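In what follows, every chain begins at residue 1, and chains take the letters A, B, ... in the order their sequences are listed. All heavy atoms count here, side chains included; hydrogens, waters and symmetry mates do not. Computed from a prediction, not measured in an experiment: that's the story for all the values here.
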There are 2 protein chains.
Amino acid sequence: MSKKGARRHASGGLTMADLAQLAGVSKITVSRALGNSPLVNAQTRERIQALAREHDYKLNISARNLRLRRSHTVAVIVEMKPSTDRTMFDPYPLVLLGGISQELTAAGYSVLLTTRQGASAAAVQAADGLILLGQGAHQDAVRRFDKLNLPMVVWGAPSASDTHVVVGSDNRLGGAVVARHFIALGRRRPVFIGNPSHPEIFERLNGFIDALAVRGIKPLLMRRDEFTVDSGMDAVRSLHQRKVGFDAIFACNDLLAMGAIRATLDLGRSVPADVSVVGYDDMPLAASFLPPLSSVRQDWQEGGMLLARKVLALIEGEPAKPESLPVSLIVRAT
Amino acid sequence: MSKKGARRHASGGLTMADLAQLAGVSKITVSRALGNSPLVNAQTRERIQALAREHDYKLNISARNLRLRRSHTVAVIVEMKPSTDRTMFDPYPLVLLGGISQELTAAGYSVLLTTRQGASAAAVQAADGLILLGQGAHQDAVRRFDKLNLPMVVWGAPSASDTHVVVGSDNRLGGAVVARHFIALGRRRPVFIGNPSHPEIFERLNGFIDALAVRGIKPLLMRRDEFTVDSGMDAVRSLHQRKVGFDAIFACNDLLAMGAIRATLDLGRSVPADVSVVGYDDMPLAASFLPPLSSVRQDWQEGGMLLARKVLALIEGEPAKPESLPVSLIVRAT
DNA sequence: GCAGCAATTGTTATCGGTATCTTGATACCG
DNA sequence: CGGTATCAAGATACCGATAACAATTGCTGC
């Protein structure tokens with residue numbers, strides 16, 4: 001029992017020393033064999049690997065991490081507060097996560113998922129890099145994690161004071177594309193529904209405004225904090241009550257757009273004959289909505305993969321530049 | 001530069017030995033002070049903690065993990081293949097993750113997110129426990145992770161051969177509740193739309209069938225593999241073409257239900273006068289749908305928290321029992 | 001026959017913490 | 001005043017891997 005060779009560690013497996021003894025070699029040879037190092041004889045390697053499989057040997061990651069000073073782990077910090085706000089409860093952040101995860105896994109890294117609140121949970125420091133998600137990544141959060149001195153990439157909209165790498169879809173372009181669409185349709189009185197206090201939404205609004213300004217058109221901003229169908233309906237009803245005329249609606253999210261359409265129809269006006277509507281995100285339901293919703297599509301999966309690639313580059317000591325992903329307007333019936 | 005006291009580790013911080021030297025004490029005293037151990041003098045503790053703050057000292061988690069043989073990490077393994085299937089691209093798994101994360105963080109644990117495919121990425125072994133998500137958690141996956149000998153909890157439907165702890169919502173009850181609802185409405189020819197090869201869906205179907213059998217009613221199964229609006233429409237059209245009569249539809253997901261409703265209306269039949277429809281998941285959009293959709297709600301957040309609590313219990317060496325979460329039928333206009 | 005080199009394997013130190021066992025100092029007690 | 005209890009802090013070993021350097025062997029070439 002107390003014989004050294006028979007000792008087992010917490011997870012019930014053998015230690016590398018045990019395996020070495022079984023194979024009649026030294027630890028380092030085992031280490032090399034398992035790492036496919038060219039420094040060991042091919043036969044020895046085979047033999048040791050077979051032995052490892054046979055005994056179901058598992059490398060102790062903690063020990064390896066300590067020695068190598070790398071955890072092969074990237075911490076992803078998400079906004080996850082359960083509010084009616086645009087948060088993790090959308091399906092999209094998950095797709096983003098999927099992209100991140102896919103790319104990191106392929107590179108042999110793992111994802112440490114953390115919420116902003118719980119991010120104090122020490123483990124984050126052990127990560128080799130950081131990805132910060134969540135709406136536009138509030139500056140205070142960015143600053144907080146900056147102090148960890150880790151390679152960091154942020155999903156959001158680039159802001160003036162950025163020292164770190166920001167990746168996001170081109171929200172300004174998104175706004176502009178919709179504006180040009182409206183102009184092409186001859187619309188004159190467009191409305192923007194959304195909450196521009198989120199950097200990403202702010203960019204969409206600005207792109208929208210600027211592209212409309214070319215034709216001397218000034219959109220009306222209907223500020224709505226919730227990204228829900230109800231909120232969209234409410235916005236349109238409110239316009240109607242205030243007797244404000246409009247012939248086009250750009251909602252900064254598909255649910256808002258759906259609500260806006262429904263309310264517009266309720267008021268007896270036609271979509272798209274009287275009012276054009278464009279949403280944002282092109283959620284799966286958009287195509288199935290009645291009428292099928294036009295929407296701006298951003299490629300979340302690709303965004304996640306890009307985020308991952310950037311951190312990996314930074315971790316490897318290579319430079320990484322901020323980048324915006326293209327978006328595309330999917331024109332359907334509205 | 002080569003002075004010992006000035007050495008810094010990878011992340012640029014001080015080592016505990018450095019801090020000890022600065023404070024004029026030994027490493028172990030620093031360790032105790034930072035760990036709020038009663039074995040150090042209160043003054044010394046204060047002094048050391050202040051010093052640590054001042055120098056922005058960060059504990060090396062890897063070293064600690066190695067020594068303590070615990071990582072305070074739980075691996076969450078999700079199904080994330082990008083298919084049209086019911087997968088991580090639903091918003092719900094994320095809520096589940098939210099619940100898990102919240103509970104684990106509160107207990108000082110972190111979440112290591114992994115996909116099934118990438119789960120070979122060694123890091124999983126370093127976890128103290130395992131949570132397996134994904135549709136009903138295929139048995140082969142379960143078996144694979146079982147070999148890691150870690151405390152493991154699975155989200156899904158309990159199956160006969162389970163040696164591990166399974167937590168899930170009570171799908172059988174979900175099916176039964178809908179059946180009773182239809183019975184109360186006097187429906188005689190119900191249809192079930194979905195893919196019963198997923199254990200969870202299988203349970204819903206069985207609950208549905210059994211509860212209907214009480215009244216001698218036998219539902220029709222419309223097997224559909226995709227959980228989309230289109231798929232739901234297709235199912236109803238197919239029923240119509242085959243001239244199969246029906247007066248109630250239980251779709252095992254809200255999107256299917258929405259599609260079914262739309263197709264039913266297209267065929268000139270009324271919902272709910274001619275046909276009752278109930279969906280599953282009660283997604284946010286269900287209430288805003290026209291007509292507002294009746295649906296079975298499961299509490300994902302709570303589910304996640306429960307999963308977390310179970311693994312934590314197992315990790316602490318306490319027993320944990322399988323558990324089913326109640327579901328509730330939200331009756332709206334359909 | 002021996003320097004020189006390549007191919008293998010081993011020895012020792014080290015990553016940065018924490019558990020265990022000891023030691024030193026002070027207080028308390030009869 | 002000797003002996004013990006109590007508190008504070010240190011010395012040492014150790015967790016399980018890998019890097020750097022050293023050592024062994026066999027073979028080549030002159």
Side-chain angles (χ1 to χ4, degrees), chain A residues 2 4-48 52 55 57-72 122-123 125-126 128, chain B residues 2 4-49 51-52 55 57-72 122-123 125-126 128:
Chain A
S2 66
K4 208 171 178 197
R7 205 186 42 234
R8 308 173 141 257
H9 67 241
S11 52
L14 285 71
T15 209
M16 193 174 258
D18 298 336
L19 201 59
Q21 199 177 29
L22 286 170
V25 298
S26 69
K27 295 197 297 179
I28 189 67
T29 301
V30 174
S31 174
R32 286 172 181 147
L34 297 181
N36 284 320
S37 157
L39 290 176
V40 282
N41 181 305
Q43 287 182 0
T44 322
R45 171 168 50 224
E46 292 295 327
R47 190 164 57 86
I48 294 179
H55 290 275
Y57 166 76
K58 294 183 196 76
L59 190 89
N60 183 318
I61 305 293
S62 300
R64 182 224 202 80
N65 287 349
L66 172 58
R67 180 66 237 234
L68 297 182
R69 293 164 146 170
R70 291 189 84 177
S71 59
H72 288 274
Q125 312 165 0
D128 295 337
Chain B
S2 65
K4 209 170 178 199
R7 207 187 40 235
R8 306 172 145 258
H9 67 241
S11 51
L14 285 71
T15 210
M16 194 174 258
D18 298 335
L19 200 59
Q21 199 178 29
L22 285 171
V25 296
S26 69
K27 296 197 297 178
I28 188 65
T29 301
V30 175
S31 174
R32 286 171 181 147
L34 297 181
N36 284 319
S37 156
L39 289 176
V40 283
N41 181 304
Q43 288 182 0
T44 322
R45 171 167 48 224
E46 292 295 328
R47 190 164 57 85
I48 294 179
Q49 290 187 349
L51 207 59
H55 291 275
Y57 167 76
K58 294 183 198 75
L59 191 89
N60 183 319
I61 306 292
S62 301
R64 181 223 202 83
N65 287 349
L66 172 57
R67 179 68 237 231
L68 297 183
R69 294 165 145 167
R70 292 189 81 176
S71 59
H72 288 276
Q125 312 165 0
D128 294 337

Exercise. Taking for each residue the nucleotide of DNA chain D with the nearest heavy atom, is it A:Val30 or B:Gly24 whose nucleotide lies nearer the 5' end?
Worked result: B:Gly24
For this session: Enter the inter-axis angle for the ends of the helix from C:dG1-D:dC30 to C:dG30-D:dC1 (five pairs per end, rounded to 10°).
Result: 50°
For this session: Residues of residues 32-40 of chain A with any non-hydrogen atom less than 4.0 angstrom from an atom of DNA chain D: list those, numerically ordered, please.
Result: A:Arg32
Exercise. How is B:Leu66 classified with respect to the nucleic acid when contacts are heavy atoms under 4.0 Å: base, sugar-phosphate, or nothing?
Worked result: base
Exercise. With a 4.0 Å cut-off on heavy atoms, is A:Thr44 in touch with a base, just the backbone sugar-phosphate, or nothing at all?
Worked result: sugar-phosphate
For this session: Would you please confirm or rule out a distance under 4.0 Å between OP1 or OP2 of D:dA17 and any side-chain N or O of A:Tyr57?
Result: yes
For this session: Compare side-chain N and O positions of A:Thr15 against OP1 and OP2 of D:dA17 and report whether any pair is under 4.0 Å apart.
Result: yes
Exercise. Roughly how many Å is it from NZ in B:Lys58 to P in C:dC15, rounded to a whole number?
Worked result: 19 Å
Problem set entry | Candidate nucleotides C:dT9, C:dT14, D:dG10, ranked by approach to the side chain of B:Thr29 - the nearest | D:dG10
Exercise. Within a strict 4.5 Å, meaning less than it, do heavy atoms of the B:Thr15 and B:Asn60 side chains meet?
Worked result: no
Seminar exercise, completed: Atom CE of A:Met16 and atom P of C:dC15 are separated, to the nearest Å, by 19 Å
Seminar exercise, completed: A:Arg45 atom CZ is separated from C:dA7 atom P, nearest whole Å, by 13 Å
Exercise. Closer than 4.0 Å, any side-chain N/O of B:Ser31 to the OP1 or OP2 of C:dT18?
Worked result: yes
For this session: Rounded to the nearest angstrom, tell me the gap between atom CG in A:Asn65 and atom P in D:dA17.
Result: 12 Å
Problem set entry | Any A:Arg69 side-chain nitrogen or oxygen under 4.0 Å from OP1 or OP2 of C:dG16 | yes
For this session: Starting at atom CD1 of A:Ile28, determine the distance to atom P of C:dT14, rounded to an integer number of angstrom.
Result: 15 Å
